[in-house]
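So that the names make sense, note that chain A is the first sequence line, chain B the second, and so on, each numbered from 1.
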Amino acid sequence: MKKIKFIFITVVAVTMAACSSDADYEGLNKDPNNPVEASAESLFSAAQKTLVDEVNDIDYRDAPFTLYAQYAQQTTYTDESQYDMKNRGIPGEVFSEVYQNILFDLKDAASLVTDDDFKSAQIELLAVYAWQYLVDNFGDIPYTEALKVVGADQVLAPKYDDDATIYVDLMSRAVAAKTLLAGSGKGFSSADFVLAGDKDAWVKFANSLIVKIGVRATGNTFKSEVEAAASGAVASNADNVTMDYEGSTPNTNPSWLELVQSGRNDYVLGKPIVDALTSTDLEDPRQDVFFDPTSKIDGAYKGGVIGQKSAWSAHSKLGTKLFDPTFRGVLFDFAEISFYLADAAARGWSVGGDAATHYANGIKASFTDWGLTEAAADAYLLKPKVAYATADGTSDEKIGKQLWIAMFNRGFEGWTAYRRYGGAPLTQSELGAGDFKEVPRRLTYPVVEQTRNPSNYTAASTAIGGDEQSTKIFWDN
Amino acid sequence: MKTKFIQILTLSFLVMFQWSMAQQVVTGIVTDADGVPLPGATVVVQGTTNGTSTDFDGNYSITASQGDVLAVSFVGYGAVSVEVGASATINVTLSADNQLNEVVVTALGITREKKSLGYAVQTINGDAIGDVQAFNPVESLSGEVAGLDIQSYNTMGGSANVVIRGYSSISGSNQALFVVDGTPISNSTPNTAEVVGGQGGFDYGNGAMDINPEDIASVSVLKGAAASALYGSRASNGVILITTKKGKVKSSGLGITVSSQLVMGSVDESTLPSYQYEYGQGYGGNADGYYLDPWDGTAVVNTTDDASFGPKLTGQEVHHWYNMIPELTDLYQKTAPDNPGAPAGTVAGFFDTQITSTNSIAFEGANDSGNFRLRYTNANISGILPNASIDRNSFNFSGSQMLRDDLRVSAGITYTNTDATGRYGTGYDGQNVFQGFRQWWGSTIDLNMDKKVYDLTGGNYSWNMFGMDTTGTTPDTTPHYFNNPYWMRDHMYNTDNRNRYFGNLAIDYELNEEIKFLGRVSFDQYDFVKEERIDVGSVDVSRYYVSHQTSSERNYDFIASYNKNINDRVNIDGNIGWNLRVQKWDYLTAETNGGLNIPGLYALSNSANPITSSDISNYDATKKVDGLYGRVSVGIDDTYFVEATYRSDRSSTLPKANNRYNYPSISGSVILSNLFDSSIVDFAKFRANYAEVGADTNPYRVFQSYLLVAGFNGQPQATNPSTFNNESLKAESTKEYEFGLELDLYKNRLGLDISVYDRTTEDLITPLQISNATGGNAFYVNAGSVQNKGVELVLNANPVRLADFNWDITANWSTYSSKVIELGKDASGNEIEYLNFADLQGGISIGAKKGDEYGVIRGTDFVYHENGQKIKTSTGAYENSDSNTEILGSIIPDWTGGIKNKFTYKNLSASFLIDIQKGGDVFSLDARYSSLTGILAESTRLNANGVSIREPVADGGGVLLPGVNADGTPNNVYGEAGDYTTVEGYVYMPAANYVYDASFVKLREVSIGFTFPDRLIDRTFIESANVSLIGRNLWIIHSNVPYSDPEAGLSAGNIQGYQSGAYPNIKEIGLSLKFQF
């Protein structure tokens, strides 16, 4: 009987021990290895780095804009150079990266900042930058109902908003954030990789953003905002908003991953940029930094025909700076802002100088930023096909061509310069199926939107005139 | 006289009485109704533990007293009791299963008379698994059980997918639960999302592999919800219940069994690509296709491209890749002709013979109060690839002891150590040799040269080196996309070691005849170390990865049982039980960052860059579920049976408010054959049931947390995860109806068991995929309902039954249709139409579509004219659908079946199993990529003009695709097919072109056995001896998937119907020996 008692006591004891309370059970379901709370700093810094990565990436799957801008051409497998974005899932990469890993983390960070206007402004300015990037890629996008995965106002299938209308809101947000910078607070400093919490520099960031939004929109919608911001924007290369990468993974320049670490020789120079810079009209001195002088073929640079297989050995390569893992990433530079101001001036806006001056500033800034002398820039500007007064085409085309050249390391801005201004001598793809041959005017919506958000997707497609690569963003001419 | 007669009579009685009291040795033979001996039948003196089993000739020998009752039983046959009389010889004839008294093991190990069950249970003898063993024993169940789908993927030691009655959970596991002697055994697959999604990695097998076939006495498959309801939530996918062998009393011999199998496996060449050997390596079509070399200006093969659209081979003298390697002094800078024809070292020749050897020894014994069995097995496999082997050592002990007349203690433990090197790389990855062989390859590459160069230099000189496609004056011998496959196997390999322990300790207490108690603690734990390596010099970034995983499960059970015959007509039988399950996971994984510094040193400390938080992951979780349940069963007149169960579970993985869920089942049966007399029908039973089963989920799906990622510039970083959790989740539920009919006809020579079921799962805990614009990618919700309706048929026939010759047929057939009833609503209240499981390479997605089948394959389709023909474009290529969400197929087969024939002639037996699948589809990434790399023989065929399709259309070449113009008139435009932009390649073909019907007919198992007759061994110490010739997967009789095994795929899981770098079928043939001493 003793044994039986023992068994019963054991059973009862085990049962008692197991009958934990509901609260104990719930406690087991909380992950001990991941934090329930995160600081605004850690979210802000992660979002900022992701944003700089995103706009400086050249990976053919994640952000093939350097191919769309035709700075480069693929060697063997040419799907992206032939603008096949749907089968390669490119739109989904851009869309999810920006919404999930930049904008949502920024929104989360903003909710954690209570009494620091500077921090709130920093978050807001990065968010507006990222929103503009999304609009400039897709056109209409989910905006007012976006980023509501959690909370009382949860929306799992957000509606799309009109791109031009979003621009109006982005402009007011940028202006408001600039005002907020005058408020209290210490701001993010060590978590701020681009400007290290320098408030004056953030004011320039805000003004530059206002200029970029205001000038990219056509017409005079944002004339007054741009005029108010022009003099306070990035005004020299010293003001450039850049981030220095580290020498080792995972913190290298994302271009290095594709160009060096992959071990693949995927990209040679594109024929349009080579032909433009080496033409007798330009004989652009930047060719020897943009391109690798040791890769000349029979003494001359040779770019791959867009869309065609282009053997590595038979074509010239991108400049060595792009192969440096620590090569800086850029959000704004003086060259870019100068060309925007040139456009503003050409439209008759009062932005402190005429179009030719800003245009020349842009070229000079590009030269010196790439290590060339101002004298070389001055000489270059004397060429009739370069000087604003005598260069070919409309003002837009003049600006477009030089902005395209200056944005060599920033594929997205180069592609956008072409779409916004024309002027750049891009060609259609030699090969490829159907309308893929034309340089895309936008990214199509991610395929998953068709199944995850079908009614809003359909409405947006109709609203923009069809979810095609050839559909134009509202500012496209 | 009268007195004398009485005296004599009395004396006789006394003598007889005394004689009858004496112990004697009773011998005899146990046969079936036709006199065929039954080896392994159990003979027990009733009321004692004195027992034995028959030898291979059906003979037994047991010590018994006159008046004792011998109980003789054998799986699949009705038990018979015989009283010991005066004769020392008792021959017993057993009738093939008339189901009247067959006992089966059901949920929680409760043994029940099969006739009383209201649900389907299919039982398989352990021999069916043990006779022709696969290295993964789970695979041996393939084709044996109606409604049980087993799929394996041809990788050494890789996983098997085990699904009963189809897929019903969308995000959760659909794998069946394995229970060994009451111990639930983890059957999880420790594979990464990359392996499951086809992006590469190693298949580490599934947990049930550690069950040793040598230990299995019988297997019961509980298919429906009613059968498994008592197991609670985790059994909602069905249960495979394994009863292990126990020590038995031996009347003679030492109680030692030795068995040994040696199996040789070779690659089935019908599942390898058929290559073209007329055109060389590279892209570039018919034109020049060669580079010029720096030495003498002759042609150099375009080694930089990983394809076979190069120049037409004419015998021209060229520098091959191996002529550019300075260490190969005899060949360096030399040339050789680019002769067409198969190379000396072909892909088929790359593979080794797979050798599997299994050696086991078991000791067993028993006495009046206890029994034990101890078994050791070594199983060793060396695979078809170089540097691939697994060594598995396994011990099992089981024993039980009566401590008192009413108290029994029993224990069992199985320990398995698995030590593996060089598992096969899977999917679209540089570690999978088939990514090259099937997709990107130079079909004329002589693999003997790869081996020669590697053996000589030890370096990574590849057929796919940059060669002359780099600027410079000497060729660049750096590998471009593909490594030397021999180097790869030695320098990019994994090792892993797993220690697994499972077993239980149980105490049975019998209070009286009617009431019994069981207390049991069972455990299953494994410690798993996985290491993966990529050496410096590879195409990929060098890497060392190590993962330490400990996973354990403990179950505490307390069960009280009651069984009473209320009167002659009514029997009541029931249980009340309590269970606590505690599962723990502790994983620590780390890898180097940015490569290795020192080649060949695989250590975290050899990381090129400092290891960051992105390179480390740590997962710790505990899950507890406690449940209380009851069962009551009433039998009336041995004809009407009804049973009801109820269980209440509480799970730590659900929110506090919803953590308890309850579910009932009811089942009943009627023995129809007791209600009428028939000369044809021996036995007939109708059964019906309804059951609900609740299910919980995995840890950490309720509360939200952040992810810490690598810091930048000294600054810590955090981000939101892409999947959002939900604090109002509730349990999933499964509801199932089932009806069945069992028949035995013509004196048990024809048996039939039919089941019809309708199962609906509701409130599935699903990571609902949401617009990324929400800031997330998925949100856990209770959404979705899947309905599976099916029919299962098991047929047993005994067409020939003679004294010396017997022929048995066991056949099974099952079909089911799966329908996604709903997928829930999004926040705007709109019905969700589609839920994606995976976007896979090749423009394919696999998911569930509302109103359609579970597991549809979607992508771009052809565009069809109303006359049914495919429409083509002006270039002669096919038009593609605008949408890439067209439904192209389904992973669900139309039906599956198996037929096993077994012939016995005297001491010789032969059996073969044919396994059949009809329907189901598979997308082949191999076919898609090979369509534009020009490696396949069909890419050089002649067109109707008698010209090679590779020639330009202008020269009479090209392809005239069958189809029509937009107006319905036949296609008359030849398309170019001489380059990777061929109209037959994926650049122009829709994804639908690479979806194939996955039907197959396979000769799955063959066994020819010989049992040594007694006269040969009775003077030896050998008790019995058996030798068999065995074969597995010898012949794919029918398949529609070109160059591939239709069953090949990624790994176990919900993503099926997809092949990428698929491994070929392995034909196995071997010898099996079994001795008892």
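- Residue contact with chain A, scored on non-hydrogen atoms closer than 4.5 Å, is absent for B/Arg520.
- Using a 4.5 Å cut-off between heavy atoms, A/Asn34 contacts chain B through both its backbone and its side chain.
- Interface check for chain A: of the options B/Pro699, B/Gly595, B/Ala710, B/Gly775, the most heavy-atom pairs under 4.5 Å are formed by B/Gly775.
- With a 4.5 Å cut-off on non-hydrogen atoms, A/Glu145 does not touch chain B at all.
- Proximity to chain B involves both the backbone and the side chain of A/Lys30, based on heavy atoms less than 4.5 angstrom apart.
- Classified by interplanar angle (parallel below 30°, tilted 30° to 60°, perpendicular above 60°), the ring pair B/Tyr980/B/Tyr283 is tilted.
- Both the backbone and the side chain of B/Tyr700 come within less than 4.5 Å of a heavy atom in chain A.
- Both the backbone and the side chain of B/Ser722 come within contact range of chain A, judged by heavy atoms closer than 4.5 Å.
- Both the backbone and the side chain of B/Asp620 have a heavy atom closer than 4.5 Å to some heavy atom of chain A.
- With a threshold of 4.5 angstrom between heavy atoms, A/Tyr143 does not approach chain B through any atom at all.
- A/Glu246 touches chain B through backbone and side chain together, each having a heavy atom under 4.5 Å away.
- Neither the backbone nor the side chain of A/Leu103 comes within contact range of chain B, judged by heavy atoms closer than 4.5 Å.
- Counting heavy-atom pairs closer than 4.5 Å to chain A, the top residue among B/Thr653, B/Ile770, B/Asp615, B/Val521 is B/Ile770.
- Contact of A/Asn265 with chain B is made through backbone and side chain together, with heavy-atom distances under 4.5 Å.
- Contact annotation for A/Asn33: only side-chain heavy atoms (C-beta onward) come within less than 4.5 Å of a heavy atom of chain B.
- At a 4.5 Å heavy-atom cutoff, B/Thr478 makes no contact with chain A through either its backbone or its side chain.
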Working for side chain to side chain donor-acceptor pair (under 3.5 Å), residues A/Asp266 and A/Tyr77: CA-CA 8 Å; A/Asp266 280 328; A/Tyr77 297 105; over 6 Å; no
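- Heavy atoms of A/Lys317 lying under 4.5 Å from chain B belong exclusively to its side chain.
- Residue B/Phe466 touches chain A through its side chain alone, counting heavy-atom pairs closer than 4.5 Å.
- Results of the side-chain contact (heavy atoms from CB on, under 4.5 Å) test with B/Arg701 over B/Leu729, B/Asp696, B/Thr723 single out B/Leu729 as the only residue that passes.
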